[in-house]
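Accompanying notes for the structure given below.
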Amino acid sequence: TPLTYTEPISLDAFTPASVLPGQELTISGEYLNLINEVIFTDNVVVPAEEFVSQSRSEIKVVVPVEAQSGKIIISDGAEIPNWIYSDEDLNVVLPSVEKVLDLTDAKPGDLVTVTGENLDLVVKVLMPNEDEIKFTVDGDKLTFTLPANASDGAISMIPASGVKVPVATIGMAEPTDLVATPATELRAGNTIVISGKNLEVVSTINFPGVDGETEFSLTADNTIQAVSYT
């Protein structure tokens, strides 16, 4: 008569409960010598050959930088694996900021600095349109410059795990209080002078019924001049 048997593998606890990516995690239980994989959220697998140590009652493993907070799974790695989940969630520390900045009336070229913790974990910074921008980290400071195509929305920093951490909410400045001179009885070839606020953010000017963009220049006193009406 063929006999089969299973050992009562158990995952009793892990320490510490909160860990930085790259730090060592200790898993305790029974028959852990039969475990061939430790799986972190989200499907980040550490095979047995990468364990720091392994015995019947304990596994030591380095938390991958890609790991996210959530349940730990230990697996025997069989073709139809036996998965055993931890009762508690492991907290994988993320980079954080003291507060999410309010960048109302922001302009392209503005230098933004946020203060936080574990900023060395950041691998990229994303604008609201998902564009990746350059940044620097110096201790508890993360600094970047708003690009020319910056738009309204949330700016996020991303660690290797891919979890988005908001750092700022941006509301781009817009031209206001616009006055055009002359504004009536225009003829082809006339030059219009436009005054107002935030004119330095203007990138294009279009006339109704005219294909393409119109050339313009911005003076030192933030007045748009030499706009040819054609």
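As the structure is a computational prediction, the values presented were derived from the model and not from experiment. Position 1 is the first residue of the sequence; numbering continues from there.
- Sorted by first and then second residue, the pairs that involve residues 153-164 and meet side-chain hydrogen bond (donor to acceptor under 3.5 Å, both in side chains), not counting sequence neighbours, are Glu130-Lys164.
- Applying the 6.0 Å contact sphere to CD of Gln23 captures more than 12 heavy atoms from other residues, nucleotides or ligands.
- Atoms CG and CG, from Asp12 and Leu32 in turn, are 7.5 Å apart once rounded to the nearest 0.5 Å.
- Residue Glu132 holds its CD atom at 6.0 Å from CG of Leu126, rounded to the nearest 0.5 Å.
- There is no path of hydrophobic side-chain contacts, each under 4.5 Å, that joins Leu94 to Ile72.
- More than 12 heavy atoms of other residues, nucleotides or ligands shown are found within 6.0 angstrom of CD on Glu24.
- Distance check: Glu98 CD to Asp140 CG gives 7.0 Å after rounding to the nearest 0.5 Å.
- Atom CG of Asp138 has 12 or fewer heavy atoms from other residues, nucleotides or ligands within 6.0 Å.
- Each salt bridge (charged side-chain N to carboxylate O under 4.0 Å, His left out) pair with one or both residues in residues 68-78, not counting sequence neighbours, appears once here: Lys71-Asp89.
- Between the OG1 atom of Thr169 and the CG atom of Asp102 there is a distance of 6.5 Å, given to the nearest 0.5 Å.
- Between Ile59 atom CD1 and Ser53 atom OG the span is 8.5 Å, to the nearest 0.5 Å.
- A donor and an acceptor atom, one from each side chain of Thr143 and Thr113, are located under 3.5 Å apart.
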